[in-house]
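Written out below as structure tokens is the structure these notes cover.
Side chains included, hydrogens not; waters and symmetry mates left out as well; all remaining heavy atoms used.
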Amino acid sequence: PDTMANPRCSYSPWATAAMDCDPAVISGLSSTITAVFAAITWDTDQPADSRIYYGTTQPQTLEDLDMEISNPTLKTAHAIDLTGLTQNTTYFFAVESTDNIGNITLDDNGGQYFQFTTPSSETYYVPDDYPTIQAAIDAVASNWGHEIVVRAGTYYENINFNGKALILRSEDGPETTIIDGNTAGSV
């Protein structure tokens, strides 16, 4: 129907609508790096998703970063874990957040891209390097990938990993290496 001809209908060729053209502001970017793992965190001033582009070649453009991981959940505190990294390798990355309207913010460190180098992991032997399993755990940095190898024998102790992410294994299998808590609680 022609609304201009009907006096009961008002017609305006102009309408107004609020528009959100402000993308999220990224701040507080930080990283925790281990031999095979990196945790990248950042904040945004409004809820947005989380995405990281990364790779091992110095990028000239964003397309040069050949790996990507994302989380579609809209939030203001962002955290993405990069796993399966190679030890002693330099990685370059950029972070991106998109708000619920579709406004995109990319932080590529002003075109220089952020970077980190994974350290080498180390292997420690009990009792060669440390007299007890707990002494080795206490001495090892909390980096992922570090390994404690326990030689054959019986070890009378209770161990506590103290929140460290490391590998503890027997050199020759469970038949030859025993950890005995000596009835003093869990091993």
**Asked** Do Tyr124 and Val149 have side chains that get closer than 4.5 Å, going by heavy atoms?
**Response** no

**Message:** Restricting to non-hydrogen atoms, name the atom on Ser170 and the atom on Thr177 that form the minimum distance, rounded to 0.1 Å.
**Reply:** OG-OG1, 2.8 Å

**Prompt:** Are any side-chain N or O atoms of Gln46 and backbone N or O atoms of Asp22, one a donor and one an acceptor, separated by less than 3.5 Å?
**Reply:** yes

**Message:** Show the nearest heavy-atom pair for residues Ile26 and Ser97, with the distance to one decimal.
**Reply:** CD1-N, 4.3 Å

**Prompt:** Looking at Tyr91 and Met67, what are the two nearest heavy atoms and their distance?
**Reply:** CE2-CE, 4.4 Å

**Item:** Thr118 side chain to Thr86 backbone, donor-acceptor under 3.5 Å
**Value:** yes

**Under 3.5 Å donor-acceptor, Lys75 side chain and Ala48 backbone** = no

**Prompt:** With Thr32, which residues qualify under side chain to side chain contact (heavy atoms under 4.5 Å, CB included), at least two apart?
**Reply:** Ala39

**Prompt:** Within the distance-only criterion (no hydrogens, no angle test), does the side chain of Asn109 pair as donor or acceptor with the backbone N or O of Gly111 below 3.5 angstrom?
**Reply:** no

**Message:** Thr41: which residues meet the side chain to side chain contact (heavy atoms under 4.5 Å, CB included) condition with it, sequence neighbours left out?
**Reply:** Ser30, Ala79

**Prompt:** Val126 and Ile133: which non-hydrogen atoms are nearest, and at how many Å?
**Reply:** CG1-N, 3.9 Å

**Heavy-atom donor-acceptor pair, His146 side chain to Val140 backbone, under 3.5 Å** = no

**Request:** May I ask you to test the Phe37-Leu85 pair for a side-chain heavy-atom distance under 4.5 Å?
**Result:** no

**Phe93: ring pair (Phe, Tyr, Trp, His ring centres under 6.0 Å) partners, not counting sequence neighbours** = Phe114, Phe116

**Request:** List the atom of Thr44, the atom of His78, and the distance in Å for their closest heavy-atom pair.
**Result:** OG1-NE2, 2.8 Å

**Message:** Could you check whether atom CD of Glu171 has more than 12 heavy atoms from other residues, nucleotides or ligands sitting under 6.0 Å from it?
**Reply:** yes

**Request:** Go through the steps to decide whether Thr73 and Asn71 satisfy the test side chain to side chain donor-acceptor pair (under 3.5 Å), and finish with yes or no.
**Result:** CA-CA 6 Å; Thr73 304; Asn71 180 340; 3.0 Å; yes

**Request:** Answer yes or no: is there a side-chain heavy-atom contact under 4.5 Å between Tyr155 and Ile178?
**Result:** no

**Prompt:** Counting N and O atoms only, with roles assigned by atom type, does the side chain of Glu157 sit under 3.5 Å from a partner on the main chain of Gln134, one being a donor and the other an acceptor?
**Reply:** yes

**Prompt:** So, for Glu96 and Trp42, which heavy atoms are closest and what is the spacing to 0.1 Å?
**Reply:** O-CZ2, 3.9 Å

